[in-house]
Every structure is written in structure tokens, then in C-alpha cells.
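Below is one structure, written out as C-alpha cells, with a few remarks after it.
To find a chain, count down the sequence lines: A is the first, B the second, and so on, and within it residues start at 1. Everything numeric here is computed off the predicted structure, so don't read it as measured data.
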Amino acid sequence: MKQVPEKLLQPYNAQEIEPGLYKTWEDSGYFNPDNLPGERKEAFTVVMPPPNANGSLHAGHALFVTIQDILIRYHRMNGKNALWLPGSDHAGFETQVVYEKKLEKEGRSRFDMKREDLYKEILDFTLSNKSFMEGQLRQLGASCDWSRSLFTLDERVIKTVYNTFSKLNEDGLLYRGKRIVNWCPKHQTSLSNLETSHVTRKDPFYYFKYGPFTIGTVRPETKFGDKYVVMHPDDARYKEFAHGQKITVEWINGPIEATIIKDETSDPEFGTGVMTITPWHSGVDFDIAKRHNLDMEQIIDERGKLLPVAGEFAGMNIKDARAKIVEKLESKGLLVKTDTEYSHEVSVCYKCEREIEPQVKAQWFVTMKPLAEKAVSALDKGEFRILTDQHEKVFRHWMGNVQDWNISRQIVWGIPIPAKICDACDKGFVDIAGEKASCESCGGQLRQEADTFDTWFSSGQWPLTTTGFPDGDDFKKFYPTAVMETAADILFFWVARMVMFGLYLTNEVPFKDIYLHGLVRDAHGKKMSKSKGNVISPLEVSNEYGTDALRMGLIVNNAPGVDMNLDPKKVGAYKKFANKIWNATRFVLEKTTDYEESDTAFTKEDQELYDAWIVVKNDITSDLENYRLHLASEKIYDYFWKTFCDSIIETRKTRILEDKEKTSAQKLLLILLREQLIVLHPFMPFITEEIWKDIKREDDEMLLVTRW
RNA sequence: GGGCGAUUAGCUCAGUUGGUAGAGCAGCGCAUUUACACUGCGAAGGUCGGGGGUUCGAAUCCCUCAUCGCCCACCA
């Protein structure tokens with residue numbers, strides 16, 4: 001007679017069991033595919049989106065851990081060479097912003113610090129958060145190969161990034177150019193378009209007399225340098241004026257000579273159809289000025305203050321200056337009217353929400369069009385898939401409209417751009433080895449480029465660096481990877497760039513499938529935010545209900561690509577499920593203490609039940625192969641509870657008590673429990689592994705590596 | 001300005017290739033020496049946003065209207 005383990009007499013307690021089990025798995029070495037038992041030919045590789053090493057894991061992290069861990073565990077059990085590559089992200093601008101906030105609280109400022117001191121401080125901060133973050137990944141059950149973990153500032157990463165930078169240069173896909181960039185006056189750096197967001201704002205729209213014209217503007221404070229007046233060439237109202245004609249107009253600080261420019265981008269329907277332009281501080285104006293080879297002059301400095309060109313207004317903050325300038329123009333009789341109902345979209349820094357001040361700056365740009373075309377063509381040819389169709393459409397749309405990418409950042413926390421700038425002619429030269437001394441163009445003295453890379457420039461090469469591109473063993477074995485699973489909101493930031501860089505450097509898309517998940521919201525579908533106070537910490541939920549329950553709460557019924565709600569009540573339901581599994585196990589073990597494994601045949605009815613289970617299992621397997629985790633998880637939950645517990649156990653119960661075809665019933669219960677534990681394991685790894693200890697046969701390995 | 005999506009039970013959401021609807025939570029009735037009250041049994045609850053079309057058959061495909069949301073974009 002076998003004994004029922006004592007532990008099963010108590011309700012299931014996840015907190016007691018989970019940490020120890022994780023350690024057992026980790027110590028087994030099976031997270032590393034090199035140690036996996038049995039012959040495994042095919043690789044299944046997932047590169048983990050490296051969490052930012054600047055804080056605690058949030059619900060979105062818990063979701064990706066759940067999805068990716070389910071996939072990895074399933075494929076590992078299914079005989080694949082399963083590799084999940086973890087990492088941690090220095091997260092350039094993101095982390096610098098976090099650290100600057102910390103400095104502010106301490107009454108310090110990055111602008112009073114030496115470059116190297118600031119870098120050192122952020123590095124220490126990041127490294128200490130890194131191990132904290134890794135502990136949280138372990139709590140969530142992530143079965144990733146820690147021996148291959150990579151940090152985004154590791155030497156290998158930098159080497160690859162530099163090589164790519166150099167290759168782009170050689171291939172003519174890199175240039176340093178004076179362009180209009182998104183300048184954040186608070187963070188004192190340029191930002192890519194993706195790092196700006198847009199808000200609708202209602203601002204007064206002023207009409208001013210400008211010589212014979214009336215011009216419209218919302219930004220009078222930029223108007224000091226406006227010596228060009230632009231209208232559409234076909235606008236009949238202004239046909240008496242010729243392109244290039246010069247007129248003298250009375251303006252803010254006295255008369256100026258203005259030149260008439262006819263340009264087709266001027267919209268005759270907008271305002272009066274006439275505008276003056278400020279090429280240094282507006283993208284549209286910059287393009288017009290470029291087209292006609294016009295002078296450009298900086299009016300506003302990097303901190304948002306007016307330069308000497310503003311005369312009496314010099315040194316004023318543009319916010320305060322606007323009203324004063326309007327006042328002055330009005331006193332000179334130049335204000336025609338003000339439209340107070342005008343509303344428009346303005347760009348703001350996505351971190352501090354300060355208005356972006358466009359500035360002309362020399363920055364490094366990557367020419368995107370050829371890279372994007374290659375990506376779209378690979379998609380057309382079916383070289384990779386994007387789940388869902390919706391995201392594929394969005395991906396195509398973005399690729400079709402992609403603009404050159406500003407990869408220069410004026411921040412310390414990042415990978416330095418390996419280049420030199422000429423003091424005399426301001427030209428930039430790629431210099432990986434750091435050996436260039438004088439300007440190739442004018443012979444002037446060179447100085448080190450002070451800017452760092454946009455963090456996504458290096459992240460975009462992450463599947464390459466983690467697998468050891470170009471000649472590492474892992475690269476041959478594990479690249480291209482199986483699936484990139486990440487948040488839909490970094491489709492452009494990250495996924496698109498990985499596709500492009502992968503194709504550019506290896507001629508292969510770095511992953512066969514792209515699986516995008518939506519935002520994790522609170523129980524009522526509200527976006528989580530500190531200010532709303534509705535942030536749900538996945539670690540706290542895990543502490544309360546167990547990680548297995550959290551994982552089920554995150555995956556059941558949550559369709560790919562769609563925003564989902566995390567409801568602690570729902571997680572509670574899966575805590576009950578864990579207990580249900582626990583108790584069913586106790587029952588099965590209690591009723592089979594006298595059962596000896598033998599060739600006992602099933603009765604016809606028991607065989608049918610078993611066959612019906614195989615149908616369910618195959619269905620779940622197919623769901624897992626096709627990323628329908630939300631359905632697979634629901635099906636195993638439903639089968640275990642409704643079919644196995646409520647129906648099969650209940651009906652076999654009396655047969656065992658009354659000793660009617662008892663051994664067939666016992667065999668069915670044991671086999672179904674065993675097989676369900678296998679199927680449940682990817683979803684609820686902890687409780688299943690714990691129970692497995694008491695169910696497994698002598699030769700069985702731990703459930704982690706038991707064959708599906 | 002351009003693009004994408006949503007609308008299904010009181011709430012939050014699933015519904016894989018078209019075969020007349022499911023889960024969790026909430027709520028209702030019954031059961032307490034039961035493997036499990038972190039339970040069981042039962043019942044209730046939806047004209048799948050409105051309208052039109054295709055089809056033997058539509059929550060699912062097409063058109064249209066309404067409402068809500070998201071993303072991209074150089075701010076006259």
C-alpha cells in the first residue's frame with residue numbers, strides 16, 4: 001500500500017513551494033538547451049525583450065513572461081532545443097530620465113555634473129536594479145537560460161553596434177546632416193519622431209499685417225527672423241507679386257526687407273494663403289527654405305529663450321514673450337484679428353510632455369527607405385508573419401511612410417557614437433578605431449563626437465548580439481529565432497528595426513513569427529498609472545495568489561494583440577483552480593494506494609473517455625503551435641475541472657468504492673492526472689512540478705523536461 | 001490630415017476555416033459527517049450596436065450608419 005503524501009492534506013500553498021522549485025529547475029541546468037536530455041534536432045529560440053534595468057517589473061512584463069515561458073516550456077517538452085535568451089536593457093533615454101528625476105528630488109542636476117561622474121552613477125544604479133529585476137523574473141517562473149544573459153552595454157553588443165554603424169556608412173546608408181530635429185528643451189536632447197507624442201491644443205491664431213499681406217500664425221515669438229513671405233504660385237489673389245521680389249515691411253522691431261517666395265506647399269485655403277517662415281524652428285519652413293536655398297537663422301536657444309535677434313525681447317522665455325510681442329504688434333497697428341477658436345496638434349516630449357522645440361542640428365541619420373523596402377518585400381514573400389493581421393497592416397503602413405532616423409542623442413547614458421567632428425568645417429567622420437586626427441575634407445582639427453546612440457539603434461540588433469553574430473556557435477544554431485513576442489506599442493521602436501537590421505546584416509529576418517500583445521490594463525480597462533493609483537504589481541498579485549494563478553489570469557481568454565484587463569478577482573479564480581488540482585491529486589492518490597501498474601485493460605467506457613481526452617489534448621497542442629494560448633489555457637482548465645473532476649472522478653468514485661471494474665477506473669484516473677499535469681505544466685509550472693514528484697514513475701525526469 | 005480597430009450576459013472579455021453563443025466575476029435556488037466550502041448540483045440571464053446584402057445557414061463575409069478607442073504625421 002502506497003502512502004498519500006502528508007503535504008496534500010493541507011490546502012495548496014503556492015508561496016511555500018514556488019521559490020524552491022525554481023531553484024531546483026535552475027540548478028538542473030535544463031534552462032540551458034546544451035544540457036537537455038534526449039536527441040533534439042530542431043531549435044526553438046525566443047529572444048526575451050530585455051526589461052529595463054531601472055525599476056520593478058510591471059504587469060506588461062508579467063504578461064510577456066507568461067506567454068514566452070508557456071511557449072518555451074511547451075517546445076522544450078515537445079523535444080525541441082529550446083532556448084530563451086534573457087537580458088537586461090540599459091534603456092538609454094528612459095533610464096536617464098528616471099535618474100534625472102531622482103537627481104531632481106535630491107536637489108541635483110545632470111547639467112552640473114561631469115559627464116563621467118553621471119555615467120558612473122547611472123551605471124551603478126542600473127546594475128543594482130538589474131539583479132533585482134532578474135529576481136523578479138525568477139519569481140514569475142521564467143525558464144530562461146541565465147548562462148547566456150546579456151546586458152545591452154556589454155562589450156559584445158558595442159562591438160556589433162560599431163560594426164553596423166561602420167557598414168551603414170560604407171554602404172551609403174548613414175549621413176551626418178543639419179536637419180530639423182525634435183528638440184526637448186527640458187532633457188536637452190533631440191528625439192526621434194517616435195519619441196514625441198501629440199496633443200491637441202487650443203491656441204490663439206493671430207493675423208498680422210505684413211507689408212501688403214496679412215499673415216497668420218500661432219507662434220509670433222518665432223517671427224523675428226521672418227524675411228521670407230510665402231504663397232502658392234497659382235494663388236490668383238497674389239499674382240501681382242513675383243517670386244524673388246523684394247518688399248520692405250514694417251515688423252516687430254522696425255522695418256525689414258522681405259523676399260517673396262512662391263511655393264506649392266503653401267495652402268491657399270489656410271488662413272490668408274500667405275505665411276512667413278521660420279526655417280530654423282519649423283519642419284515645413286525648413287523644407288521650403290531648403291528648396292529655395294534660403295537663409296536660416298536661429299531665433300530660440302536650446303533652453304527656449306529668445307536670442308539677440310529678438311532685440312528688446314532677447315533672453316525672454318518664449319512662453320512669456322508671446323503675449324508681449326502680440327502687444328507690441330498691436331500697438332503698432334499690425335494686429336488684424338485674433339481667432340481664439342483655433343485648435344491644432346503640437347508635438348511634446350513623450351517623457352516630460354514639454355513642447356518640442358524644433359531646432360536645426362547636425363545629427364547622424366540612417367537612410368531608412370532601402371531598409372524598409374527590404375522588410376516589406378520579405379513580408380510579401382512570407383519570410384515572416386505578424387500576428388495579428390491588424391498589426392501587419394500597421395507595420396506595412398509605417399514601413400511605407402518611414403522617414404530617415406535620427407540616431408544621435410545628446411545624453412550621457414548610452415553607447416558613444418564612434419565618430420569625430422571637424423572643428424573647422426563641422427563635418428563628421430566615422431572612426432571606430434579612434435585613430436583619425438585631422439579632417440579629411442579641410443584638414444581641420446577633429447574632436448570626439450559627444451553624442452550617444454538612440455538606444456533603439458543597438459536594441460534593433462539584439463537578436464544578433466544575443467546569438468553571437470556574426471560567427472558565434474549560437475548564431476549558427478539558434479538564428480534566426482522562432483518568434484519575437486513583445487508589446488504591440490514597440491512595434492516601430494523595436495520590432496521594425498530588428499526586422500530591418502536582421503535583413504540588412506544577415507539577409508534573414510531574425511524571427512519567423514512576430515507575436516504582439518496589447519497593453520495590460522486594470523480590471524475595468526483603465527490604463528494603469530501612478531497618478532490614478534490603479535497600478536497592479538504582478539509581484540504582489542503573485543505573492544497573494546501564487547504565480548501559477550497569476551499566469552492563468554493573464555493568459556486565459558486574453559486574445560493576442562488586444563489590450564487586456566488584469567483582474568485580481570480573476571487571478572483568485574485560478575488560485576482556486578490550483579487548489580482544485582491539489583485536491584483532485586489527493587483523491588486520486590488516496591483511491592489508488594492499492595493499485596499496481598500492470599497491463600490492466602481499460603473497460604470500453606474508460607477507453608472512450610481516454611480517447612476523448614486525447615482529442616482534447618491534440619486540440620490544445622494545435623492551439624499551442626498556433627499561438628492560441630488564450631484558448632489552450634481555457635480548454636485545459638475546463639477539461640480538468642468540468643470533465644475530469646466533476647464527471648470522471650465523480651463517476652469512477654463509486655466504482656472504486658464498490659469494487660466494480662476498479663483497476664480500470666484507477667488506471668484511468670492516474671493516467672489522466674499524469675497527462676493533464678504534462679499539458680498544464682507550461683501554464684502552471686509550479687504546482688504541476690510539485691505534484692509530479694508524487695505521481696512520476698521511477699525513471700521519470702522532472703516535469704520540466706518530460707516529453708509532451 | 002493619414003491609417004487601424006472595437007461594439008457579444010449586470011461587469012470584464014473569449015468565440016481558431018460561416019453550422020443559430022462561452023468563461024471569470026457578480027447574482028438566484030438547493031446540498032454540509034463530501035478529494036476539495038479555495039466545494040457540488042440546478043436554474044436564470046444575450047433579437048451578438050442599428051440597417052441592408054451574400055448564403056441552405058452570419059457574432060463570423062460585404063456595404064452602410066451610429067458611438068467609442070488606438071496609432072502615425074513637419075506646430076503657418
Protein-nucleotide distance (M368(A), atom CE; C72(B), atom C1'), rounded to Å: 15 Å
OH of Y350(A) versus C1' of C72(B): gap in Å, rounded? 16 Å
If you take the centroid of each ring, where Trp contributes its six-membered ring, are [Y] and [X] closer together than 6.0 Å?
X       : Y       : answer
F395(A) : F492(A) : no
Y210(A) : W251(A) : yes
F270(A) : F205(A) : yes
Y206(A) : F208(A) : yes
Y515(A) : H517(A) : no

Phosphate OP1/OP2 of C13(B) contacted by N558(A) side-chain N/O (<4.0 Å): no
Whether Q403(A) contacts C74(B) is assessed here as follows: a side-chain N or O lying under 4.0 Å from the phosphate OP1 or OP2. Is that the case? yes
Pairwise [atom1] distance for [N] and [M], with rounding to whole Å:
N      : M      : atom1 : result
A31(B) : U67(B) : C1'   : 47 Å
G49(B) : A6(B)  : C1'   : 11 Å
U7(B)  : G15(B) : P     : 10 Å
C62(B) : C74(B) : C1'   : 38 Å
G53(B) : G42(B) : P     : 42 Å
C36(B) : U16(B) : P     : 39 Å

Just checking K591(A): base, sugar-phosphate only, or nothing, at a heavy-atom cut-off of under 4.0 Å? nothing
Using a 4.0 Å heavy-atom cut-off across all strands, classify A584(A) as base, sugar-phosphate, or nothing.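 Answer is base: heavy atoms of A584(A) come under 4.0 Å of a base.
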Among the nucleotides [options], which one has an atom lying closest to any side-chain atom of [X]?
X       : options                : value
V562(A) : C38(B), G5(B), A14(B)  : A14(B)
H397(A) : C41(B), G2(B), C74(B)  : G2(B)
F492(A) : U34(B), A73(B), C72(B) : C72(B)
N579(A) : C74(B), C36(B), G40(B) : C36(B)
K580(A) : U12(B), C74(B), U39(B) : U39(B)

Please identify each residue that fulfils side chain to side chain contact (heavy atoms under 4.5 Å, CB included) with [X], with sequence neighbours left out.
X       : value
P268(A) : H232(A), D235(A), R237(A)
K575(A) : Y545(A), A549(A)
K532(A) : K526(A), K527(A), S529(A), N534(A)

Toward the 5' end of RNA chain B, by each residue's nearest nucleotide, T217(A) or H198(A):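 The 5'-side residue here is H198(A).
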Per-residue pairing states of RNA chain B in dot-bracket (Watson-Crick or G-U under 3.5 Å; . unpaired, | other strand) read (((((((..((((.....[..))))..((((.......))))......(((((..]....))))))))))))....
D694(A) and K7(A) ion-paired at < 4.0 Å: yes
Quiz: residues 619-629 of chain A side-chain donor-acceptor pairs under 3.5 angstrom, not counting sequence neighbours:
| from | atom 1 | to | atom 2 | distance (Å) |
| --- | --- | --- | --- | --- |
| D619(A) | OD2 | K635(A) | NZ | 3.0 |
| T621(A) | OG1 | K617(A) | O | 2.8 |
| T621(A) | OG1 | W708(A) | NE1 | 3.0 |
| S622(A) | OG | R628(A) | NH2 | 3.2 |
| D623(A) | OD1 | R628(A) | NE | 2.7 |
| D623(A) | OD1 | R628(A) | NH2 | 3.2 |
| D623(A) | OD2 | K635(A) | NZ | 2.7 |
| E625(A) | OE2 | Y74(A) | OH | 2.6 |
| N626(A) | ND2 | S622(A) | O | 2.8 |
| Y627(A) | OH | D513(A) | OD2 | 2.8 |

Per-nucleotide protein contact string for nucleotides 15-31 of chain B (B base, S sugar-phosphate only, - none; heavy atom under 4.0 Å): SB-----BBSS------
Using only heavy-atom distances, decide whether a donor-acceptor pair under 3.5 angstrom links the side-chain of Q390(A) to the base of A6(B). no
